[in-house]
Amino acid sequence: MAMAVAQHRESSGGSINNHLCADTGKYVRYTTEQLEALERVYAECPKPSSLRRQQLIRECPILSNIEPKQIKVWFQNRRCREKQRKESSRLQTVNRKLSAMNKLLMEENDRLQKQVSQLVCENGYMRQQLHTVNASGATDASCDSAVTTPQQHSMRDSNNPAGLLSIAEETLAEFLSKATGTAVDWVQMPGMKPGPDSVGIFAISQRCSGVAARACGLVGLEPTKIAEILKDRPSWFRDCRSLEVFTTFPAGNGGTIELVYTQTYAPTTLAPARDFWTLRYTKSLDNGSLVVCERSLSGSGAGPNAAAAAQFVRAEMLPSGYLIRPCDGGGSIIHIVDHLNLQAWSVPEVLRSLYESSKVVAQKMTIAALRYIRQIAQETSGEIVYGFGRQPAVLRTFSQRLSRGFNDAVNGFNDDGWSLMNCEGAEDVIIAVNTTKNLTTSNSINSLSFLGGILCARASMLLQDVPAVVLVRFLREHRSEWADFNVDAYSATSLKACSYAYPGMRPTRFTGSQIIMPLGHTIEQEEMLEVIRLEGHSLAQEDAFVARDIHLLQICSGIDEHAVGACAELVFAPIDEMFPDDAPLLPSGFRIIPLDSKSGYAQDTMTTHRTLDLTSSLEAGPATNPSSGDGSPSQGMRSVLTISFQFPFESGLQENVATMAHQYVRSVISSVQRVAMAISPSGSSPALGPKLSPGSPEALTLAQWICQSYSYYLGAELLRSDSIGGDSVLKHLWHHQDAILCCSLKSLPVFIFANQAGLDMLETTLMALQDITLDKIFNEPGRKSLCADFAKLMQQGFTNLPSGICMSTMDRHVSYERAIGWKVLAAEENTVHCLAFSFVNWSFV
């Protein structure tokens, strides 16, 4: 008997179909039919209940000799094997990714070692020349030794087709020397920290002709697919207006040569757009890599005729492109190089930093290309799931249409049908009209053929010491501070061909309720797509049936202060609440582009551009004094804000809509200037003397009351004794390290003032502060503690709150070591004016 048991164990131990029975300690061998039956049940229900297992035994006679506990053990083992299989697959994928990234980093390290060696050799050569020749000769020799792309090779005559292959091979060699070699002196991209979770490795150029940027990273797509996507530049480069391939022919060595004409948008209304006439060379290398390289061509008749490019400045593309190498186990390693000469001489001095910065090229082109490829790869693998039942490609198309529509309105190209309206005198707001613009969609039934045309009001203004991130956040979250609900309603109803339109539009009141519904975002959330619902009510009771909500489709980018981006944008368009995939869009919005503070800004240059006159209110007073030396990180920072609003109009109403558009955009500009003043660190300084809400004293008076009351109730000084005289009280209170906030004495206390630390803690502005109540900033334990100590505060005049957690307006948790609350007495009347709170040693959790 013992021998039989041993033989049974030996025969069953080597089979993968043997399973341990928990109650007997013996192995059980299942037949093929039994395993098939169990697998079928497992596919439907991996974790069956006891009743389900008993039912399985009754329904399947082939399992009648198996005990329920044995079947339970089989399902446990089956789930364990499935979990192990998935984890093994995941670890294999991670291992392949890490191996590829390790290879990439080792190659990058080798390249940097070569670059260091080359720089050491150049340095030694320069030292030798300084000792052997005179100073001028040494200077010439040192310049000759610098590694640059020869200017004479960057533009070649393309009239002779026989010479195109030679140009293509030279382009390939020069591109590879930049992508993997030392032809350009690369430095790490500021703000981009390499690491296992980063998008890739980014670098920008120094000491070379033109401006260049470089990126390399791992992408989960095959090389041919990546090349196909990147060659379609308008699909991922938002500033690309069009790309047309004029000629395509085989190169004779397995490669393909194309002659390409590309147009790019201008980012603002202050500069002309750019175009390129290039040779593009696609070739597979012997090591299996795929290369797409490109460079500008020159010569008589190069590119389209002058009429087609009348509104463009011809820019130069030095050898650039993509090196795509397949990885073991799938995916590809990609190297991207963008090297341009954007002809900065053709733009005003105030904007030249945008055209002379390799950082801007990296932000707008190089990083965008790699991010887009990674986005497509993750969408293809199913890693990204969007709401509202929309496919990623559909949402991506909506974002592209919004960006393209906004760029079209900002640039106003003649060949698109735009023309300037006659205006008397120099106007800050440019009004353009387009009576030929066709807003047809993929479904011709939805075309807006009833419209008389589209009218656009656009302007650009210079902002001083205004963080772009904060301004765009405010415009996004506080639409009622700058927008007019009636104008939004007009655009929405006109697009829906309602029976009433401007003028004579029924009055509607915006309730201030704005609901933001996320729709999708890019993998690093540098851009968000969302639907905005604005709730409105009719002012007349008999018109209640026409009161309706307004829906906007909106993209917002550049609101993450830790992200590296070329600009911050808020672009929106009215949509129908049904939101069809082919909905017509008429985008409007804002674009804020930071300017390099190192560049000079000539005032006489600004005066030649009438739209810059809008900054007059920001260019006066101590706020613009660069020598103030207050240590503010935003001091001297400038940016260009471009505003563009589009309005549909019916035939015969063009003049009326033009008047409305001009007035509306002027009001938006005034609102934005007011907001910019409020959120500017220098604009909120004591020198500017900001006003508080109606009925409140000026900031200086309130600051004095806060300090005097703190000393009266707590017996200590809030500020140093040498900082309590004159205007310095407000200045030192404003820059105090603790968050100091004041709230009203209403039954529901509302904040009326905060210093810079308080605004930073709540992540808000002075203007938006008055929408926040005291109870909203505390979590539940904090509210209970506040209620318990509030009576004490009102009775004895002050109270100490223990450490706790509060919430910013961006729903971020803020911890503080302790908080102090005290009454603020009005000195003249000796009455309680408000309550003040000081949060000590606060920080984001």
Side-chain angles (χ1 to χ4, degrees), residues 467 469-481 512-518 521 525 528 530 532-533 556 558-563 570 675 678-679 681 684 692-693 706 733-734 736-793 799-822 824 834-845:
V469 172
V470 179
L471 180 56
V472 169
R473 276 183 180 173
F474 186 91
L475 295 174
R476 172 178 176 262
E477 298 167 11
H478 303 277
R479 187 179 180 87
S480 60
E481 295 291 341
S513 178
Q514 171 182 283
I515 301 176
I516 300 178
M517 297 173 283
H521 56 78
Q525 299 196 29
M528 297 180 296
E530 50 201 15
I532 310 299
R533 190 176 75 201
C556 184
I559 64 172
D560 182 2
E561 66 271 17
H562 301 296
L570 184 70
V675 172
I679 67 177
S684 301
L692 301 178
S693 59
I706 292 173
L733 182 70
W734 179 260
H736 199 282
Q737 62 181 1
D738 296 334
I740 300 175
L741 302 98
C742 296
C743 64
S744 62
L745 291 172
K746 299 179 181 178
S747 57
L748 191 61
V750 177
F751 288 112
I752 59 174
F753 174 78
N755 66 351
Q756 184 64 66
L759 297 178
D760 293 341
M761 184 184 77
L762 296 183
E763 295 186 291
T764 187
T765 65
L766 278 176
M767 185 174 297
L769 186 68
Q770 300 178 25
D771 295 331
I772 307 173
T773 57
L774 178 62
D775 64 302
K776 283 187 178 180
I777 72 169
F778 291 97
N779 60 2
E780 191 61 32
R783 279 192 289 269
K784 291 181 180 179
S785 176
L786 178 64
C787 292
D789 292 332
F790 198 81
K792 181 179 179 181
L793 169 62
T799 186
N800 289 283
L801 300 175
S803 61
I805 300 291
C806 60
M807 301 289 293
S808 75
T809 57
M810 303 299 291
D811 292 331
R812 288 207 289 177
H813 290 80
V814 182
S815 65
Y816 55 90
E817 184 178 293
R818 61 190 178 93
I820 304 171
W822 70 97
V824 176
C834 63
L835 302 176
F837 292 88
S838 175
F839 294 85
V840 182
N841 292 336
W842 65 272
S843 62
F844 290 107
V845 180

- Message: According to side-chain contact (heavy atoms from CB on, under 4.5 Å), who are the partners of Ser815, at least two apart in sequence or on a separate chain?
- Response: Ile805, Ser843, Val845
- Message: Minimum heavy-atom separation for Glu530 and Arg476, please, with both atom names.
- Response: OE2-NE, 2.9 Å
- Are any of the side-chain heavy atoms of Asn800 and Trp822 separated by less than 4.5 Å? no
- Any sub-3.5 Å donor-acceptor pair from Asn841's side-chain atoms to Glu817's backbone N or O? no
- Task: Identify the two heavy atoms, one from Leu733 and one from Phe753, that lie closest to each other, and give their separation to 0.1 Å.
- Result: CD2-CE2, 4.3 Å
- Here the pair of heavy atoms bringing Phe844 nearest to Ser808 is CE2-CB, 4.4 Å
- Message: Restricting to salt bridge (Lys or Arg N to Asp or Glu O under 4.0 Å), what partner residues turn up for Glu477, sequence neighbours left out?
- Response: none
- Query: Considering all heavy atoms of both residues, which atom of Leu762 and which atom of Met807 are nearest to each other, and what is their separation?
  - Reply: CD2-O, 4.0 Å
- Residue set satisfying side-chain contact (heavy atoms from CB on, under 4.5 Å) with Ala739, at least two apart, ordered chain then number -> Leu741, Ala757, Met761, Phe839, Trp842
- Message: Does any part of the side chain of His478, heavy atoms only, come nearer than 4.5 Å to the side chain of Arg473, both counted from C-beta?
- Response: no
- Task: Compare every heavy atom of Ser838 with every heavy atom of Asp738, then report the nearest pair and how far apart it is.
- Result: CB-OG, 3.7 Å
- Task: Might you point out which heavy atoms bring Cys834 and Leu745 nearest each other, and give the distance in Å?
- Result: CA-CG, 4.1 Å
- Query: About how many Å separate OG1 of Thr799 and CG of Leu793, when rounded to the nearest 0.5 Å?
  - Reply: 6.5 Å
- Does Asn755 use its side chain to pair, donor to acceptor, with the backbone of Gly758 at less than 3.5 Å? yes
- Query: Is there a donor-acceptor contact under 3.5 Å from the side chain of Thr773 to the main chain of Pro749?
  - Reply: no
- Task: Could you tell me whether the side chain of Leu835 reaches within less than 4.5 Å of the side chain of Phe751, counting heavy atoms only?
- Result: no
- Message: Let's go through Leu774 and Val750 carefully: what are the C-alpha distance in whole Å and the side-chain angles of both, what is the deciding distance for side chain to side chain contact (heavy atoms under 4.5 Å, CB included) to 0.1 Å, and is it a yes or a no?
- Response: CA-CA 6 Å; Leu774 178 62; Val750 177; over 6 Å; no
- Task: Start with the C-alpha gap between Cys743 and Phe837, add the side-chain angles, then the distance that decides, and say whether side chain to side chain contact (heavy atoms under 4.5 Å, CB included) holds.
- Result: CA-CA 8 Å; Cys743 64; Phe837 292 88; 3.8 Å; yes
